[in-house]
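This report refers to the structure that appears directly beneath it.
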2 protein chains.
Amino acid sequence: MTSDTLVPTFAALGDATRWSILVALGERPASASALAERLPVSRQAIAKHLAVLLEVGLVEPVPVGREVRYRALGARLTQTADALAKVGAAWERRLATIKDIAEGL
Amino acid sequence: MTSDTLVPTFAALGDATRWSILVALGERPASASALAERLPVSRQAIAKHLAVLLEVGLVEPVPVGREVRYRALGARLTQTADALAKVGAAWERRLATIKDIAEGL
DNA sequence: GACTGGTGCAACCATGGAGTTGCACATCGC
DNA sequence: GCGATGTGCAACTCCATGGTTGCACCAGTC
């Protein structure tokens with residue numbers, strides 16, 4: 001995963017309402033209308049959030065009759081986590097190197 | 001890490017400029033002024049970004065003489081990655097369970 | 001002591017995005 | 001066919017925030 005995909009994904013995750021939606025979908029797939037009953041926002045607001053979550057691949061639509069349920073894609077989350085961990089590790093490595101140089105090793 | 005700390009962290013990571021700053025600091029610690037020379041934004045803009053990064057603990061100030069350098073905290077990133085991975089795994093598990101039930105197992 | 005480079009603070013602007021309401025449309029059940 | 005339910009689209013409001021400029025201030029240096 002490059003930063004071009006990483007940053008929008010973080011932006012999608014960095015909203016409390018969107019996180020609530022993801023958590024709800026993580027428990028059980030649901031439609032926008034169903035989510036609107038549980039959460040303190042309108043259905044349209046949720047629809048917008050689902051659109052951005054869909055955009056970054058964190059969620060997947062599952063048509064059931066005339067309604068559209070969404071499921072949270074944990075795999076994508078794990079994937080993102082891996083990328084993050086790699087970056088973090090790289091920073092620590094570089095910092096350790098710099099420290100070594102500074103200490104004249 | 002709870003979602004109360006997770007969401008602001010993602011919000012902090014979900015900005016292209018902020019990510020650039022983090023990447024730059026990941027290579028080598030630097031001051032706001034130094035970063036402003038490399039990046040296409042003003043020093044004050046960078047200072048603001050550093051403030052939000054500091055807020056969520058992704059960065060650490062290191063006073064050097066009269067300047068304030070910042071270093072990227074990879075450990076915090078790794079920590080966040082772990083939390084993300086756990087959540088992702090949980091979603092996958094639940095979804096598998098639901099699928100099993102639906103298939104009458 | 002004067003100059004210079006690095007910070008910090010404040011005011012200000014503009015855009016984006018989260019949220020709303022309203023309406024039109026499709027589809028399922030009676 | 002008709003009502004009810006679920007979606008989608010559009011316009012609009014409002015606030016957070018990313019960005020700027022300007023100024024004041026402090027600490028080294030010559």
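Every chain is numbered from 1, with letters handed out A, B, ... down the list of sequences.
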Under a 4.0 Å heavy-atom cutoff, the residues of residues 6-30 of chain B touching DNA chain C are none
pair B:Leu58-B:Leu13: side-chain heavy atoms closer than 4.5 Å: yes
Between A:Leu95 and B:Pro29, is there a side-chain heavy-atom distance shorter than 4.5 Å?
yes
Are there any protein N/O atoms within less than 3.5 Å of an N/O atom in nucleotides 25-29 of chain C, and if so, which ones and at what distance?
unit_1	atom_1	unit_2	atom_2	d
C:dT27	O2	A:Arg66	NH1	2.4

So, with a heavy-atom separation below 4.0 Å from DNA chain C, the residues of residues 44-56 of chain A are A:Gln44, A:Ala45, A:Lys48, A:His49
A:Arg94 meets the side chain to side chain donor-acceptor pair (under 3.5 Å) criterion, sequence neighbours left out, with none
By side chain to side chain donor-acceptor pair (under 3.5 Å), B:Arg69 pairs with (sequence neighbours left out) B:Glu67
Please determine whether side chain to side chain contact (heavy atoms under 4.5 Å, CB included) holds for the pair A:Met1 and A:Lys86, giving the CA-CA distance in whole Å, both sets of side-chain angles, and the decisive distance to 0.1 Å. CA-CA 11 Å; A:Met1 283 184 80; A:Lys86 280 200 181 70; over 6 Å; no
Open item on the list: Checking B:Leu50 against B:Leu25 for the side chain to side chain contact (heavy atoms under 4.5 Å, CB included) test, could you report, in this order, the C-alpha distance in whole Å, the side-chain angles of both residues, the deciding distance, and whether it holds?
Closed with: CA-CA 11 Å; B:Leu50 287 173; B:Leu25 293 182; 3.9 Å; yes
Connected to B:Val62, directly or through other members, by ILVMFWY side-chain contacts below 4.5 Å are B:Val64
When B:Arg69 and A:Pro40 are each assigned the nearest nucleotide of DNA chain C, the 5'-most assignment goes to B:Arg69
With sequence neighbours left out, the residues meeting side chain to side chain donor-acceptor pair (under 3.5 Å) with A:Arg43 are none
Side-chain donor-acceptor distances from residues 3-11 of chain B under 3.5 Å, at least two apart:
unit_1	atom_1	unit_2	atom_2	d
B:Thr5	OG1	B:Thr2	O	3.1
B:Thr9	OG1	B:Thr5	O	2.7

Taken in chain and number order and not counting sequence neighbours, the residues that satisfy side chain to side chain donor-acceptor pair (under 3.5 Å) with A:Glu27 are none
For A:Leu73, the hydrophobic cluster (side chain heavy atoms closer than 4.5 Å, chained through members) also holds none
Note to self: Under 3.5 Å, is there any donor-acceptor pair linking the side chain of B:Arg43 to the base of C:dG5?
What the structure shows: no
Hey, does A:Val59 have a side-chain heavy atom less than 4.5 Å from the side chain of A:Ile21? no
Bounded by its outermost nucleotides with an atom under 4.0 Å from a heavy atom of chain B, the footprint on DNA chain D reads D:dG18 to D:dA27
The complete set of salt bridge (Lys or Arg N to Asp or Glu O under 4.0 Å) pairs with one or both residues in residues 44-62 of chain B, sequence neighbours excluded, reads B:Glu60-B:Arg71
